[in-house]
There are 2 protein chains.
Amino acid sequence: MSPMAPNSVSSDYPPHLTPERLEYLISNLKDWSIAHGLAVRPAPSFVSPENDPSGVLANSAPVTLFPSLFPKSCFEEALAIQSTYNELYCAIANDEEWLGSVVQELLDIDDFVAQLWDVHIKIKNEGYVQNLSLGLFRSDYMVHTNPEDPNAGSEVKQVEFNTIASSFGGLSSQVSALHRHLLSIGAYPPETSSLLNDDTLPESKSAVSLAAGLAAAHKAYGPSKSSNPTCVLFVVQDPERNVFDQRHLEYALHSHDKVQVFRLPFGQILKDTELANDRTLLYVPPFAPDTRYEVTTIYFRAGYSPDEYKSEEYWTARYHLERSAAIKCPSILTHLAGCKKVQQVLATPHSPHLSKFLSDESKASRVLKTFAPIYPLDESEAGKEAQKLANNPDSASRYVLKPQREGGGNNVYRKAIPPFLKDLPKSKWPAYILMEMIEPPPLTNTILRNGEIQKGGVICELGVYGVCLWEANGGEGGQNKILENFEAGYLLRTKGDQSEEGGVAAGFGSVDSCCLVDI
Amino acid sequence: MSPMAPNSVSSDYPPHLTPERLEYLISNLKDWSIAHGLAVRPAPSFVSPENDPSGVLANSAPVTLFPSLFPKSCFEEALAIQSTYNELYCAIANDEEWLGSVVQELLDIDDFVAQLWDVHIKIKNEGYVQNLSLGLFRSDYMVHTNPEDPNAGSEVKQVEFNTIASSFGGLSSQVSALHRHLLSIGAYPPETSSLLNDDTLPESKSAVSLAAGLAAAHKAYGPSKSSNPTCVLFVVQDPERNVFDQRHLEYALHSHDKVQVFRLPFGQILKDTELANDRTLLYVPPFAPDTRYEVTTIYFRAGYSPDEYKSEEYWTARYHLERSAAIKCPSILTHLAGCKKVQQVLATPHSPHLSKFLSDESKASRVLKTFAPIYPLDESEAGKEAQKLANNPDSASRYVLKPQREGGGNNVYRKAIPPFLKDLPKSKWPAYILMEMIEPPPLTNTILRNGEIQKGGVICELGVYGVCLWEANGGEGGQNKILENFEAGYLLRTKGDQSEEGGVAAGFGSVDSCCLVDI
């Protein structure tokens with residue numbers, strides 16, 4: 001099939017629905033969602049806590065009514081290279097010297113990264129007692145179409161690579177199943193059948209695949225050293241509205257692999273766990289204080305954002321877990337491998353780093369193609385190039401300025417960059433990176449969120465999950481020995497397009513699935 | 001094992017929970033319920049409609065925290081005789097003459113039964129065009145222990161037999177899975193492990209089994225006569241808070257048997273269906289008014305209660321469906337077979353009727369054992385016996401007086417019966433039946449409902465589902481030819497014991513599962 005210009009496919013998508021068809025679609029969507037746990041706990045702005053003090057209410061997760069159109073070649077490429085990305089980040093996490101040099105550059109501007117590094121150094125001096133590491137990664141992309149050359153075709157460009165707490169793997173399986181269900185019950189108008197059919201709606205197996213990753217780590221840990229029953233710990237935020245997303249992984253792990261899972265709020269770590277002399281991590285369930293479970297694997301769904309570390313005690317807790325014999329998902333080094341600076345260093349034009357970690361040239365070049373150029377704003381050669389681009393309103397209009405610090409600060413977009421830099425002392429420029437804007441094709445969709453329907457321009461972000469389990473220095477010549485490495489399903493997240501007036505509210509996010517098209 | 005007196009098992013059950021264990025149990029229960037669709041739409045008293053105008057909220061269905069203790073022998077007997085009950089009610093539904101004589105006696109006191117019969121007669125005169133009938137039955141029991149002889153053991157005694165809209169088959173599968181999940185994650189204290197374990201917590205396969213019944217009917221209907229795609233119609237109430245219970249059957253039918261299901265509100269029948277000349281029933285989906293689906297099977301989850309027939313139009317609608325070529329679940333004759341009067345006639349002491357329908361003596365005697373004696377209050381021999389029992393405060397204390405009319409009126413209990421009858425003109429006595437009280441063993445449990453926890457005395461009612469598909473007059477000598485006949489899982493419903501003060505509120509119902517014990 002010949003490629004089609006995006007507009008020819010998307011201009012009449014999603015299709016117009018009669019009020020009766022909208023009612024049929026929505027009522028089926030609402031019931032199916034709750035019946036299958038495609039749900040969230042309601043936001044306090046939707047249900048005030050005094051109206052549901054014990055928290056038994058739930059609502060359908062925000063979803064799109066239709067799967068969003070997504071270029072098939074982009075989708076396939078993003079999934080195909082996930083195992084290479086797993087390999088790449090596993091290699092980075094294992095190169096402590098290189099990671100240290102990256103962190104060094106951040107010490108002055110990113111206290112969070114510095115503190116994570118400190119934890120690592122303390123334990124390194126003491127000696128690690130667990131060589132196995134688990135990564136449940138998610139590589140996020142947007143589709144990029146060159147606005148100056150729309151016939152050049154589409155490419156996926158990476159937005160970020162998550163090495164900790166990659167979320168929505170539980171719900172994304174459900175939303176792809178929801179859209180396939182709506183298709184199968186005739187909720188979509190028949191005239192869309194050439195676009196929407198069994199072949200164009202890929203299933204996402206993310207929930208079972210990510211659970212399989214946790215099961216592999218649990219098994220690789222080996223038998224209990226303390227003669228206690230074993231378990232996997234999910235370290236979580238409390239409260240957590242997105243709890244069902246996490247529970248789906250737990251239930252898959254529990255029902256398929258018979259693994260006992262406990263949820264441990266980040267603030268309870270020191271209270272509810274203890275280290276044996278050999279640093280075996282023991283979980284003491286508050287409900288059974290006389291029993292002990294040996295923790296094989298710690299899955300972090302918390303601890304990724306600086307503002308979660310509310311006191312020194314939280315750092316003590318992170319240290320306490322990191323030095324234990326449990327397999328961490330992720331280890332601190334793996335966590336650090338996901339910091340923005342690493343992405344920037346890899347994606348800086350003419351960078352030698354990627355080929356250092358991926359010696360296979362064809363693999364490296366496929367990964368490289370997914371990078372949007374990212375420049376430092378420092379006095380390096382690439383940095384000087386960046387300063388020129390950023391200060392010229394014409395060229396700046398293709399860029400976004402992002403703070404390097406993890407989890408903090410607002411982005412500055414396009415023509416707002418030159419005046420922003422004018423007001424910023426030059427000594428502070430290196431705290432930012434300049435990234436080429438990804439220009440997604442114009443798309444529309446309809447989102448149902450808290451019962452409100454909003455239709456309008458949307459932006460879609462594809463996340464591809466990856467599972468990687470490896471033994472640091474376990475291979476030949478002290479290389480990583482990779483025990484598991486597989487692509488683990490996908491997520492599409494769709495939010496309102498900021499530029500659209502009167503349409504979907506900006507930032508109005510939802511979970512979505514792909515309808516693959518030849519764009 | 002030797003039988004134990006009920007109190008020795010149940011006095012320390014359910015076990016005491018520490019606040020921490022209660023918290024662990026409840027938080028797991030709440031999340032598991034929503035993740036698995038063990039849910040209901042909230043009552044208006046819990047979430048007012050203006051706070052959720054589009055109805056996206058749901059809450060955990062009211063459930064017990066523990067499976068209730070249930071005598072194993074009673075449970076096994078109730079499940080074992082379900083296929084005989086299916087056979088019995090299939091025979092009754094097929095004996096139009098006999099059913100007619102029962103209905104005759106109700107004409108003056110029960111307008112609903114009379115109107116159902118009228119619909120049947122009109123269609124009989126015209127001629128039926130569908131000989132296949134489907135029953136998704138539920139036989140409800142309570143455990144009876146003779147209070148005067150507690151060592152006599154326990155028996156199941158039938159409360160009623162449902163031939164239409166037998167509910168909770170979708171949720172009961174989920175609640176038995178919930179209790180097994182709570183067991184498997186260690187939520188129940190270890191000291192209960194001799195009572196609560198994999199062997200004592202029977203799974204209920206009701207959702208898939210009932211869906212298999214619908215699938216069998218759909219298949220037996222044969223190919224489309226109208227060259228349209230086929231479907232199964234669920235005739236439903238609107239609004240329906242218990243919608244997920246029904247949806248689970250729909251999803252099982254759809255995913256396992258690829259059957260298209262539509263939900264049709266009782267009030268929309270005449271608008272959305274039409275009969276072809278050969279009385280093939282065609283469904284016209286409001287969302288696709290130019291298409292037609294041929295209806296193979298109508299599953300009534302509405303139309304069972306007189307107050308649903310708000311105008312003559314509802315009777316026209318019922319007639320319209322009944323005369324169609326679709327398989328009815330149930331047909332009007334099957335619906336009538338479930339009326340209280342039939343149960344009373346079968347259970348009247350010395351009645352000859354049971355053996356008429358169940359010629360196999362051993363089968364009949366097992367069914368007979370599950371009947372609590374029921375007396376008419378008329379001038380028959382049994383009726384005169386009943387009048388004596390009812391007017392004597394001593395003997396009356398073992399009975400309940402129930403109105404014969406379907407879906408109407410309050411029961412009168414025990415010592416309240418003699419004064420009630422004193423004030424009632426004797427001409428109205430035949431509108432009531434006298435039923436021996438079933439005396440359930442004293443049990444306690446804890447119920448979570450709308451986030452509120454209530455602990456106290458409870459009464460449990462076991463429902464056993466049955467599927468029966470038959471061809472009227474299709475066998476030898478014009479007998480029924482039974483095509484499918486199987487037990488289809490169970491339900492335990494548990495509500496507050498009225499006599500208990502300060503405990504579980506009376507009528508505070510919940511879904512539950514069984515923990516089988518040797519009582």
Side-chain angles (χ1 to χ4, degrees), chain A residues 17-28 30-37 39 41-42 46-48 51-60 170 181 184-187 189-190 229 243-244 247-248 250-251 254-255 258 260-263 285-289 291 448-453, chain B residues 17-28 30-37 39 41-42 46-48 51-60 170 181 184-187 189-190 229 243-244 247-248 250-251 254-255 258 260-263 285-289 291 448-453:
Chain A
L17 300 180
T18 62
E20 293 80 8
R21 188 178 285 277
L22 181 65
E23 156 63 22
Y24 179 65
L25 194 157
I26 296 276
S27 63
N28 275 283
K30 286 189 306 187
D31 287 351
W32 193 98
S33 296
I34 295 294
H36 294 81
R41 292 291 178 198
F46 183 27
V47 175
S48 67
N51 286 338
D52 179 24
S54 40
V56 291
L57 287 169
N59 60 295
S60 321
H181 177 75
S184 73
I185 63 165
V243 61
F244 303 108
R247 289 288 198 182
H248 284 301
E250 171 187 336
Y251 299 145
H254 183 259
S255 64
K258 311 287 170 225
Q260 172 86 53
V261 173
F262 293 106
R263 293 172 64 80
F287 67 87
T291 60
L448 180 72
R449 185 183 172 102
N450 297 348
E452 273 180 63
I453 294 174
Chain B
L17 301 179
T18 61
E20 293 80 9
R21 187 178 286 277
L22 182 65
E23 156 63 22
Y24 179 64
L25 195 158
I26 297 275
S27 63
N28 275 283
K30 287 189 306 186
D31 288 351
W32 194 98
S33 295
I34 295 294
H36 294 81
R41 293 290 177 197
F46 183 27
V47 175
S48 67
N51 286 339
D52 179 25
S54 40
V56 291
L57 287 168
N59 60 296
S60 322
H181 176 75
S184 72
I185 62 165
V243 61
F244 304 108
R247 288 289 197 183
H248 285 300
E250 172 188 335
Y251 299 145
H254 183 261
S255 64
K258 312 285 171 227
Q260 172 86 54
V261 173
F262 293 106
R263 292 172 64 80
F287 66 88
T291 60
L448 179 72
R449 185 183 171 101
N450 297 348
E452 273 180 62
I453 294 174

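Letters A, B, ... mirror the listed sequences (proteins, then strands); counts begin at 1. Hydrogens, waters and symmetry mates are skipped; everything else that's a heavy atom, side chains included, is used. The model shown is predicted, which means the values in this text are computed figures rather than measured ones.
Atoms OH and CZ, from A:Tyr24 and B:Phe262 in turn, are 4.5 Å apart once rounded to the nearest 0.5 Å. Here B:Ser33 contributes atom OG and A:Ile34 contributes atom CD1; the two are 12.0 Å apart, rounded to the nearest 0.5 Å. Rounded to the nearest 0.5 angstrom, A:Phe46 CZ and B:Leu57 CG are separated by 4.0 Å. Atom CD1 of B:Ile453 sits about 7.5 Å away from atom OG of A:Ser54, to the nearest 0.5 Å. Distance CZ/B:Phe287 to CZ/A:Arg21: 5.5 Å, rounded to 0.5 Å.
Contacts between A:Glu23 and chain B at a heavy-atom distance below 4.5 Å are absent for every atom of the residue. Interface remark: A:Asn28 contributes backbone and side-chain atoms alike to the contact with chain B (heavy atom separation under 4.5 Å). With a 4.5 angstrom heavy-atom cutoff, A:Ala39 touches chain B only via side-chain atoms. Within the 4.5 angstrom heavy-atom criterion, only side-chain atoms of B:Pro42, from C-beta onward, approach chain A. Of the atoms belonging to B:His248, it is side-chain heavy atoms, and not backbone ones, that fall under 4.5 Å from chain A. Contact of B:Ser255 with chain A is not made at all, since no heavy-atom distance falls under 4.5 Å.
No other option in A:Arg41, A:Arg247, A:Glu250 has as many heavy-atom pairs under 4.5 Å with chain B as A:Arg247. Per-residue heavy-atom pair counts under 4.5 Å with chain B were compared for A:Thr18, A:Val56, A:Asn59, A:Ile185, and the maximum is reached by A:Val56. Per-residue counts of heavy-atom pairs under 4.5 Å with chain B were compared for A:Ser48, A:Gly37, A:Ala58, A:Ser184; the largest is that of A:Ala58. Contacts with chain A were tallied for B:Gly55, B:Ala288, B:Pro19; B:Gly55 has the most, counting heavy-atom pairs under 4.5 Å.
Ring geometry, A:His181 versus B:Tyr251: the interplanar angle exceeds 60°, so the pair is classed perpendicular (tilted spans 30 to 60°).
Side-chain atoms of A:Val47 and B:Asn51, non-hydrogen and from C-beta on, never get closer than 4.5 Å to each other. Side-chain contact between A:Val243 and B:Lys30 is absent, with no heavy atoms from C-beta onward closer than 4.5 Å.
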